[in-house]
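A quick write-up on the structure given underneath.
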Amino acid sequence: MNTELPLERRAALHAALADPARLAIADALCSGDASPSELGDRFQMRSNLIAHHLRVLESAGLVTRSRSEADHRRVYIRLLPEVFGALVPASLLRAPRVVFVCTRNSARSQLAAALWQHRSTVPAASAGTRPGEHVHAGALAAARRHGLRLEAEHTAHVTDVLRPDDLVVAVCDSAHEELSRTRERLHWSVPDPVRTGTDEAFEDAYAEINDRIERLAPAVHPEGTP
C-alpha cells in the first residue's frame with residue numbers, strides 16, 4: 001500500500017478488502033475492467049449482492065465507474081490507480097502471444113502493442129474489429145514522442161490475426177462488446193483519443209495504456225516457462 005496515503009485512508013481500503021468476495025472482485029479488476037453483470041457471472045453472485053459489494057468498494061475509494069463509449073447503457077468498473085500498490089494479479093497468465101484489439105486498429109491497440117514489446121518478452125500484435133486504412137496521425141505522433149515505432153499503413157482485422165491460444169486484451173469498449181462472448185479476454189476501458197484528436201487526448205491514452213501494461217506484463221509468462 002502507498003505509505004503516503006493518510007492512515008485513515010489506508011485503513012478504509014484494508015477494511016473494504018477484508019471480505020473474501022470483495023477481495024476476489026478487486027483481484028479480478030487488477031488485470032482489466034468489467035461490468036457488474038460480468039463480475040456476477042464470473043463469481044456466480046446475484047445482481048443485488050454484486051451491487052452491494054461494489055458500493056462498499058466504491059465508498060472506500062477502491063473502484064470507479066465509467067460509462068461505455070459504445071453501449072451507453074453499460075457501465076464498467078475499474079480499480080483506482082492508488083489501489084494497485086496493495087494488489088497484484090492473483091495468478092500468473094501464460095500465453096504465447098498477447099493481442100491488443102480496438103475498433104479501428106488505428107490508435108489504442110497500436111500503441112499498446114508497441115508498448116508491450118518494450119516491456120515483455122512475450123510477443124504482441126494488434127488488430128481491429130473494423131480496421132481503418134491506416135494508423136491515425138495522432139497515434140503516430142504520440143509514438144514518436146515516446147520513442148516508439150508504428151507503421152502508418154499497418155492495420156489488420158481480428159479474423160486475420162487472432163489465434164486460439166492468444167491472450168486477448170480489448171483496449172476499447174466497442175471492441176469488447178463486439179468480440180464473441182465465448183472467448184475469454186481482458187478489457188481495458190480506455191477512452192478513444194480519436195474523438196477529440198488532440199495531442200493531450202493521445203497522451204492521456206498513452207499514459208493509461210502504459211500504466212496498465214506496467215501492471216499486467218509481470219503477470220504474463222510465455223507458455224512452457226516455470
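For reference, positions follow the sequence shown, starting with 1.
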* Asked: Do you know which of Val99, Leu179, Val169, Leu162 makes side chain to side chain contact (heavy atoms under 4.5 Å, CB included) with Arg185?
  -> Leu179

* Structure fact -> In terms of heavy-atom contacts, Ser109 and Ser126 come closest through O-CB, 3.4 Å

* Measure from the side-chain N and O atoms of Arg104 to the backbone N and O of His136, and report whether any donor-acceptor pair falls under 3.5 Å. => no

* Asked: Heavy atoms, side chains only, cut-off 4.5 Å: are Val194 and Phe202 in contact?
  -> yes

* Asked: Between His187 and Tyr76, what is the ring plane arrangement, given parallel below 30°, perpendicular above 60°, and tilted in between?
  -> perpendicular

* To do: Measure the spacing between CD of Glu153 and CD of Glu133 and express it to the nearest 0.5 Å.
  => 8.5 Å

* Do the side chains of Ile213 and Val101 join up, straight or via other hydrophobic residues, at under 4.5 Å, putting them in one cluster? -> no

* **Residue pairs passing the salt bridge (Lys or Arg N to Asp or Glu O under 4.0 Å) test where at least one lies in residues 159-168, sequence neighbours excluded** => Arg97-Asp166

* **Heavy-atom closest contact (Arg9 atom, Gly61 atom, distance)** => NH2-O, 3.0 Å

* Can you find a pair of side-chain heavy atoms, one from Leu93 and one from Leu216, that are under 4.5 Å apart? -> yes

* By salt bridge (Lys or Arg N to Asp or Glu O under 4.0 Å) - contacts of Asp211 (at least two apart) -> none

* Structure fact -> Residues Pro36 and Ile50: closest non-hydrogen pair is O-CG2, 3.7 Å

* Is Arg78 close to Arg212 at the side-chain level, that is, under 4.5 Å between some pair of heavy atoms? -> yes

* Asked: Under the 3.5 angstrom rule, does the side chain of Arg215 hit a backbone N or O of Asn210 as a donor-acceptor pair?
  -> no

* Asked: Arg145: what forms a side-chain hydrogen bond (donor to acceptor under 3.5 Å, both in side chains) with it, not counting sequence neighbours?
  -> Glu203

* Is there a chain of hydrophobic side chains (I, L, V, M, F, W, Y, each step under 4.5 Å between heavy atoms) that links Val75 to Val56? -> no

* Above 12 or not: heavy atoms from other molecules or residues under 6.0 Å from CZ of Arg181? -> yes

* Asked: Are Leu186 and Val161 connected, step by step, through hydrophobic side chains (Ile, Leu, Val, Met, Phe, Trp, Tyr) whose heavy atoms are closer than 4.5 Å?
  -> no

* Straight-line distance of Leu57 CG to Thr64 OG1, nearest 0.5 Å -> 12.0 Å

* Spacing of CG belonging to Leu49 relative to CZ belonging to Phe43, to within rounding of 0.5 Å -> 11.5 Å

* Asked: When you measure from the side chain of His157 to the backbone N and O of Ala127, does any donor-acceptor pair fall under 3.5 Å?
  -> no

Please tabulate, for the side chains in residues 112-120, all donor-acceptor contacts under 3.5 angstrom to protein atoms that are two or more places apart in sequence or on a different chain.
{"unit_1": "Trp116", "atom_1": "NE1", "unit_2": "Val122", "atom_2": "O", "d": "2.9"}
{"unit_1": "Gln117", "atom_1": "NE2", "unit_2": "Ala124", "atom_2": "O", "d": "3.4"}
{"unit_1": "Arg119", "atom_1": "NE", "unit_2": "Glu214", "atom_2": "OE1", "d": "3.1"}
{"unit_1": "Arg119", "atom_1": "NE", "unit_2": "Glu214", "atom_2": "OE2", "d": "3.4"}
{"unit_1": "Ser120", "atom_1": "OG", "unit_2": "Val122", "atom_2": "N", "d": "3.0"}

* To do: Any chance you could measure Asp71, atom CG, to Glu69, atom CD, to the nearest 0.5 Å?
  => 12.5 Å

* Structure fact -> So NE2 of His53 and CD1 of Ile77: to nearest 0.5 Å the spacing works out to 13.5 Å

* Asked: Which pair of non-hydrogen atoms, one from Cys102 and one from Cys172, has the smallest distance, and what is that distance?
  -> CA-SG, 3.7 Å

* Looking only at atom types and distance, does a side-chain atom of Arg108 sit under 3.5 Å from a main-chain N or O of Thr103, one as donor and one as acceptor? -> no

* Roughly how far apart are Leu29 CG and Leu54 CG, rounded to 0.5 Å? -> 8.0 Å

* Asked: Restricting to pairs with a member in residues 189-200, which pass side chain to side chain donor-acceptor pair (under 3.5 Å), not counting sequence neighbours?
  -> Asp173-Ser189

* To do: Say whether, by atom type as modelled, one donor and one acceptor occur between the side chain of Gln110 and the main chain of Ala139 under 3.5 angstrom.
  => no

* Report yes if the side chains of Leu79 and Cys30 come closer than 4.5 Å at any heavy-atom pair, otherwise no. => yes

* **Stepwise side chain to side chain donor-acceptor pair (under 3.5 Å) check, Arg67 with His72** => CA-CA 6 Å; Arg67 196 160 295 279; His72 296 296; over 6 Å; no

* Check the surroundings of atom CZ in Arg46: do more than 12 heavy atoms from other residues, nucleotides or ligands lie under 6.0 Å from it? => no

* Structure fact -> In short, Pro164 meets Arg183 closest at the heavy-atom pair O-NH2, 3.7 Å

* Asked: Mind checking whether Ile209 and Val168 sit in one hydrophobic cluster, side chains of I, L, V, M, F, W, Y counted as touching below 4.5 Å?
  -> no

* Asked: Is any side-chain heavy atom of Val190 less than 4.5 Å from a side-chain heavy atom of Asp204?
  -> no

* Structure fact -> Sorted by chain and number, sequence neighbours left out, side-chain hydrogen bond (donor to acceptor under 3.5 Å, both in side chains) with Arg130 holds for Glu178

* To do: Check the pair Glu38 / Arg42 against salt bridge (Lys or Arg N to Asp or Glu O under 4.0 Å), numbers first and verdict last.
  => CA-CA 6 Å; Glu38 289 169 339; Arg42 175 167 182 168; over 6 Å; no

* Of all the heavy-atom pairs spanning Ser31 and Trp188, show the shortest one and how long it is. => O-NE1, 2.7 Å

* Arg22 versus Leu62: any side-chain heavy-atom pair under 4.5 Å? -> no

